[in-house]
Amino acid sequence: MTRDENCIFCKIFSGEVKSDEVTRTDDALVFRDLNPQAPTHVLVIPKRHAANLGDFVASAEPHEVGDLFALASRTGRAASPDGYRIVVNEGHEAGQTVFHLHLHVLAGRRMHWPPG
Ligand code: 5GP
Ligand code: ZN
């Protein structure tokens, strides 16, 4: 499935739902999280709908996963050369609340470990 009509992030990708966009390519979008957990907190999403990372990987073209992480990495470095964190939650136990794959990119403050 390329698009899920009921998915909020598919609607954000198409522009049907407004977001604070940072970067857009043909295949991916970077936009600011509505409820930021760090001075920089953006979400990197693929255009192609997949509920989570596992589903995305299972159906991906060879370059798709790498392209998405490369975009997240460039975004993190641009936000903070001193370091950044990429988080992907998969499933309820991990705290996933939106079921369209998204990479959180967090930067601009000291991160803690374990993440909780
Ligand atoms: P998850 O908990 O699924 O890993 O992360 C979902 C993230 O999406 C949360 O950090 C939440 O703040 C963000 N979010 C949920 N709905 C919207 C929205 O409509 N717009 C934006 N910009 N962020 C959203
Ligand atoms: Zn979607």
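Whatever order the structure lists ligands and atoms in, that order sets their numbers, starting from 1.
In this structure, CG on Asp20 lies 5.5 Å from CZ on Arg32, to the nearest 0.5 angstrom. With values rounded to the nearest 0.5 angstrom, Ile12 atom CD1 is found 4.0 Å from Phe31 atom CZ.
The tally of protein N/O/S atoms under 2.8 Å from the Zn ion (ligand 2) stands at 4.
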Would you mind writing out a table of all protein N or O atoms found under 3.5 Å from any N or O atom of ligand 1, naming both atoms and giving the distance to 0.1 Å?
residue  : atom   : partner : partner atom : Å
ligand 1 : 2 (O)  : Gly95   : O            : 3.0
ligand 1 : 2 (O)  : Thr97   : N            : 3.4
ligand 1 : 2 (O)  : Thr97   : OG1          : 3.0
ligand 1 : 3 (O)  : Thr97   : N            : 2.7
ligand 1 : 3 (O)  : Thr97   : OG1          : 3.2
ligand 1 : 3 (O)  : Val98   : N            : 3.0
ligand 1 : 3 (O)  : His102  : NE2          : 2.9
ligand 1 : 4 (O)  : Asn89   : ND2          : 2.9
ligand 1 : 4 (O)  : His102  : NE2          : 2.9
ligand 1 : 4 (O)  : His104  : NE2          : 2.8
ligand 1 : 5 (O)  : His102  : NE2          : 3.0
ligand 1 : 5 (O)  : His104  : NE2          : 3.3
ligand 1 : 10 (O) : Asp33   : OD1          : 3.2
ligand 1 : 10 (O) : Asp33   : OD2          : 2.5
ligand 1 : 12 (O) : Asp33   : OD1          : 2.5
ligand 1 : 22 (N) : Arg32   : O            : 2.9
ligand 1 : 22 (N) : Leu34   : N            : 3.4
ligand 1 : 23 (N) : Leu34   : N            : 3.3

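With a 6.0 Å radius and a threshold of 12 heavy atoms from other residues, nucleotides or ligands, Lys47 has its NZ atom at or below the threshold.
Side chain of Arg109 to backbone of Gln37: a donor-acceptor contact under 3.5 angstrom is found.
Two different hydrophobic clusters hold Phe99 and Ile8 under the rule that ILVMFWY side chains link at heavy-atom gaps under 4.5 Å.
At a cut-off of 3.5 Å, with distance as the only test, a side-chain donor of Arg48 or Ser59 sits close to an acceptor on the other residue.
The hydrophobic cluster containing Val42, built from Ile/Leu/Val/Met/Phe/Trp/Tyr side-chain heavy atoms closer than 4.5 Å, also comprises Val22, Val30, Val44, Leu53, Phe56, Val57, Val65, Leu68, Phe69, Leu71, Tyr84, Ile86, Val88, Leu101, Leu103, Val105. Alongside Val87, the hydrophobic cluster contains Leu106, Met111 (criterion: ILVMFWY side chains under 4.5 Å).
Between Phe9 and His102, the two ring planes are perpendicular [angle over 60°; tilted spans 30° to 60°].
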